[in-house]
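Shown next, in structure tokens, is the structure this report addresses.
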Amino acid sequence: MKHLQLIALLVVAYFAVWLEATFNWPRRWLATQVDVLPALVVYAALFAEMPTITAVAVLGGLWFDALSANPLGVSVLPLFAVGFVVNHFRELIMREQAYAQYLLGLGAGAAVPLGTLLVLLSTGASPLIGWGSLWQWLVMTLACGALTPAFVKFFNWLDHTFGYRELAAPSFREDREIVRNRR
Amino acid sequence: MFRKPQIIAASIVLVLVLTALSIPRETSARLKLALSSLFLPLFGLASSAPPAAQRTGDAVVPRSVLIGELNRLKKENAELHLRATEAEALRQENDRLRTYVGWRPFSPGKYKLARVIGRDPANWWRTVRIDLGSRDGLTPNLAVITPAGLVGRTGSVGVTHADVLLVGDPNCRVAAIVSETKDHGVVQPSASALDASIVDLTYLAKASTIKPGNRVVTSGIGGIFPRNITIGEIVDLHSVGYGLYTEARVRLTVNYNQLEDVWVVLP
């Protein structure tokens, strides 16, 4: 399951970044482009191990920056920070509950753009920020909130369909066998 | 408090990010181009899918419609040919007059058609990616236009693709002039506007007589953008800097949401 999960997460991240760079309809309708990587990192933080979370945050962030005018690497740290915090506290979170996933998605969708802007400003870049950015931040937050439970459902389905499952051990044990015939 | 894998992962990410942010800009640009080339097959697929769909659609267009369109285009072509001949005569006359007064003759640029294959996924930049690169003769800082007006300038250039900084991006400021009043200003992004087609024209004289509807064109100052390329139209004006100068909002003539093909002006 571990390898399948890692490969599936990276493939989804790769296609998500490409779709964000290719399809313009969210910008036409909502005046903003939705980044789905925070939702993906939340899923990884809830259901995968640390190497998988790191791989998704690093590769997803680098791919995103490569197709954007961002300096290379600015998106990695906020994505990883969100994954790290969620993973650290995941035993305290009711991660199977959709509303918990939704709230975590909201938080990640709000935190990642703010963190990225913070890193971006600290590098001396001057991105386009204004009142319009508030709307973009709101849309992004809500979209990530909605996408996180959807990702959980999708990856659960993927695991159920393609994942390898061990056969359950039979209840029969030879050492506990009652021998009824006479010796 | 933290588990060992968490500490190792955090250390790796920190070192990676600090290294990525501290490498020289040229190296970083090369790395970005290398990473983005991973997406080239998908960009190729996306740009070839619409023509295939169009070809399928073309197959069912009635012959009478095609003949009507052909006749209209023939007429338009003849008109344009006539205008081109007139323009060529005027250009030659202009060159002659320029020589008389000792000015450098006007040299028209070459144009290369490019297709927009991608857009910036981040909301705080306004850039697009085109399918021409250094192998097609592109270099950074070339003007990019459409028949509707100015689009922007080329940024980093790869072998097969290039980034275009659109007018309204924080890294693309344009020296402009208002056609009617000859007031000079600088076109820069309007951060307050959600609408990407609105930019600001700043540093206008306090006593300028600009009116809404006036045309804004490139002034040619700065050397990147040729003169007289349409940028947009004045929407409204307001006084800024405690009345020291005037700022105007400009609606761009190019609709970025419908940008598919652009022309790169080569020197």
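Chain letters run A, B, ... following the sequence lines, proteins first, then strands; residues in each count from 1.
- When heavy atoms are compared at a cutoff of 4.5 Å, A:I53 does not approach chain B at all.
- By number of non-hydrogen pairs under 4.5 angstrom with chain A, the leading residue of B:D163, B:N171, B:L21 is B:L21.
- Residues A:A66 and B:K32 approach most closely at CB-O, 3.7 Å, considering heavy atoms.
- By a heavy-atom distance cut of under 4.5 Å, A:L72, A:G73, A:V74, A:V76, A:L77, A:F80, A:F84 are the residues of residues 72-84 of chain A near chain B, going up by number.
- Classified by interplanar angle (parallel below 30°, tilted 30° to 60°, perpendicular above 60°), the ring pair A:W63/B:F39 is perpendicular.
- Using a 4.5 Å cut-off between heavy atoms, B:A34 makes no contact with chain A at all.
- Interface summary for chain A: among B:S37, B:P121, B:A29, the most heavy-atom pairs under 4.5 angstrom belong to B:P121.
- Most heavy-atom pairs under 4.5 Å with chain A: of the set B:L38, B:L16, B:L31, B:T127, this distinction falls to B:L38.
- Within 6.0 Å of the CZ atom in A:R28, the count of heavy atoms belonging to other residues, nucleotides or ligands exceeds 12.
- Atoms OH and CG, from A:Y14 and B:L42 in turn, are 4.0 Å apart once rounded to the nearest 0.5 Å.
- Annotation: side chain of A:N87 is in contact with side chain of B:R3 (closest heavy-atom distance under 4.5 Å).
- Residue A:H160 places its NE2 atom among 12 or fewer non-hydrogen atoms of other residues, nucleotides or ligands, all under 6.0 Å distant.
- The minimum heavy-atom distance linking B:R129 with A:L67 is given by the pair NH1-CD2, 3.6 Å.
- Applying the side chain to side chain contact (heavy atoms under 4.5 Å, CB included) test to B:A122 and every residue at least two apart in sequence or in another chain returns A:F64, A:S68, A:N70, B:D120, B:W124, B:W125.
- Proximity to chain A among residues 150-158 of chain B is not found for any residue, judged by heavy-atom separations below 4.5 angstrom.
- Contact of A:T54 with chain B is made through the side chain alone, with heavy-atom distances under 4.5 Å.
- Of residues 18-27 of chain A, those residues lying under 4.5 Å from chain B by any heavy-atom pair are A:W18, A:E20, A:A21, A:T22, A:N24, A:R27.
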